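The structure displayed is predicted, hence computed values, not measured ones.
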Amino acid sequence: MPIQYRLLQNKIKGSKNYNKFYAHTVKRGVISMEEIEKTIESNCTAKSSDVRLVLRELFDTVKHYMQEGYVVDLREMGKFSISVKSTCVDNPKDFRLDKNITGFKCNYTPDGRRSNVGVDGDGPKVERGFFDGCKAVEVKA
C-alpha cells in the first residue's frame, strides 16, 4: 500500500511558507513488537518466542555498543548512534558537564548507496533501500 498524505496549509505567521500547502504523512497506526514477531514467525521456521528472544538480545547489544560510543551498523537496517545535546558557552573553560550537557539523542541513518545521477538526472544522490518501491497517494479530507 502506498504512503498516504494529505495537504495541509501552513498557518505559522512569519514563516516564509505561510499560507502555502505541503504534504503531511498520514500514519496508519502502530505495529507492536508482538505483531512483528507473529509476522516473522509466519515468514520463516522460527517460533514467535525465538524471534522475541533474538530481538530482545539485539536491542540490548545495540544499546550496549551505542552507549560505549560506537556507531552500530545493521547493514540494510541502517546505522545507529548516540549523540549528546548541550547548551552553548562562549568560552570552553565555562563548559560544565552537569550544567551544559542537557540530554542525549539517537541518530539513525538508513542504509544507502551513492548514485552519480539522481532520479531526475539532477546530480549525485543517496539511494535508500527503505524507499525502494515506495509510492505515495493523496488522501482527501
Side-chain angles (χ1 to χ4, degrees), residues 1-18 20-141:
M1 171 165 227
I3 302 294
Q4 297 178 339
Y5 70 93
R6 76 174 34 105
L7 291 177
L8 297 180
Q9 191 172 25
N10 181 337
K11 295 292 187 183
I12 302 172
K13 292 183 178 173
S15 166
K16 68 177 183 173
N17 293 317
Y18 179 68
K20 293 184 180 180
F21 290 85
Y22 63 95
H24 176 77
T25 305
V26 176
K27 304 292 189 268
R28 296 183 60 209
V30 175
I31 296 296
S32 68
M33 182 63 91
E34 291 79 11
E35 197 61 38
I36 290 172
E37 292 164 3
K38 289 176 189 173
T39 302
I40 293 172
E41 180 181 47
S42 70
N43 290 334
C44 67
T45 60
K47 294 192 309 188
S48 181
S49 58
D50 298 325
V51 174
R52 181 178 304 117
L53 175 80
V54 171
L55 290 176
R56 183 73 230 175
E57 188 59 34
L58 174 66
F59 170 79
D60 290 343
T61 303
V62 167
K63 176 183 172 185
H64 166 78
Y65 282 114
M66 287 172 60
Q67 289 186 0
E68 291 289 318
Y70 289 93
V71 174
V72 178
D73 186 347
L74 296 179
R75 294 191 180 179
E76 294 87 0
M77 184 68 77
K79 296 177 183 173
F80 297 83
S81 65
I82 293 176
S83 61
V84 294
K85 293 172 23 175
S86 70
T87 57
C88 296
V89 294
D90 293 325
N91 185 330
K93 293 177 184 174
D94 296 333
F95 192 90
R96 291 188 14 216
L97 174 86
D98 61 335
K99 180 181 174 191
N100 299 103
I101 299 294
T102 59
F104 302 93
K105 68 178 183 175
C106 178
N107 303 308
Y108 169 67
T109 306
D111 183 50
R113 60 193 176 282
R114 293 209 179 275
S115 171
N116 288 334
V117 180
V119 176
D120 300 322
D122 56 354
K125 298 280 187 209
V126 175
E127 298 174 4
R128 306 275 183 207
F130 267 132
F131 306 138
D132 289 349
C134 192
K135 305 223 182 300
V137 62
E138 182 178 356
V139 176
K140 300 294 181 184

Taking every heavy atom of Asp111 against every heavy atom of Glu76, the minimum-distance pair comes out as CB-O, 3.6 Å
d(Asp50 CG, Thr45 OG1) to nearest 0.5 Å is 8.5 Å
In short, Tyr22 meets Gln9 closest at the heavy-atom pair CE2-C, 4.1 Å
Salt bridge (Lys or Arg N to Asp or Glu O under 4.0 Å) pairs touching residues 22-45, sequence neighbours excluded, are Glu37-Arg52
Asn91 meets the side chain to side chain contact (heavy atoms under 4.5 Å, CB included) criterion, sequence neighbours left out, with Lys93, Asp94
Checking Lys125, Glu127, Arg128 against Arg113 for side chain to side chain contact (heavy atoms under 4.5 Å, CB included), the one that qualifies is Glu127
- Query: Is any side-chain heavy atom of Leu74 closer than 4.5 Å to a side-chain heavy atom of Leu58?
  - Reply: yes
By side chain to side chain contact (heavy atoms under 4.5 Å, CB included), Lys85 pairs with (sequence neighbours left out) Thr102, Lys105
Residues at least two apart in sequence or cross-chain that pass salt bridge (charged side-chain N to carboxylate O under 4.0 Å, His left out) with Asp90, listed by chain then number, are none
Contacts of Tyr5 meeting side chain to side chain contact (heavy atoms under 4.5 Å, CB included) (sequence neighbours excluded), chain-then-number -> Leu7, Ala23, Ala136, Glu138
Heavy-atom nearest pair, Val51 first then Ala46, reads CG2-CB, 4.0 Å
When every non-hydrogen atom of Met77 is compared with those of Phe130, the smallest separation belongs to O-CE1, 3.5 Å
The ring pair (Phe, Tyr, Trp, His ring centres under 6.0 Å) partners of Tyr108 (sequence neighbours excluded) come to Phe80
Between side-chain atoms of residues 60-69 and protein atoms elsewhere (two or more places apart, or another chain), which donor-acceptor pairs fall under 3.5 Å?
residue, atom, partner, partner atom, Å
Asp60, OD1, Arg56, NH2, 2.9
Thr61, OG1, Glu57, O, 2.8
Thr61, OG1, Glu57, OE2, 3.3

Residue set satisfying side-chain hydrogen bond (donor to acceptor under 3.5 Å, both in side chains) with Thr87, at least two apart, ordered chain then number -> Asn100
Sorted by chain and residue number, the salt bridge (charged side-chain N to carboxylate O under 4.0 Å, His left out) partners of Arg96 (sequence neighbours excluded) come out as Asp98
Hits for side-chain hydrogen bond (donor to acceptor under 3.5 Å, both in side chains) against Asn10, two or more places apart or cross-chain, chain-then-number order -> Ser15
The side chain to side chain contact (heavy atoms under 4.5 Å, CB included) partners of Ile101 (sequence neighbours excluded) come to Val84, Ser86, Phe95, Leu97
Residues passing the side-chain hydrogen bond (donor to acceptor under 3.5 Å, both in side chains) test with Ser83, sequence neighbours excluded, are Asn107
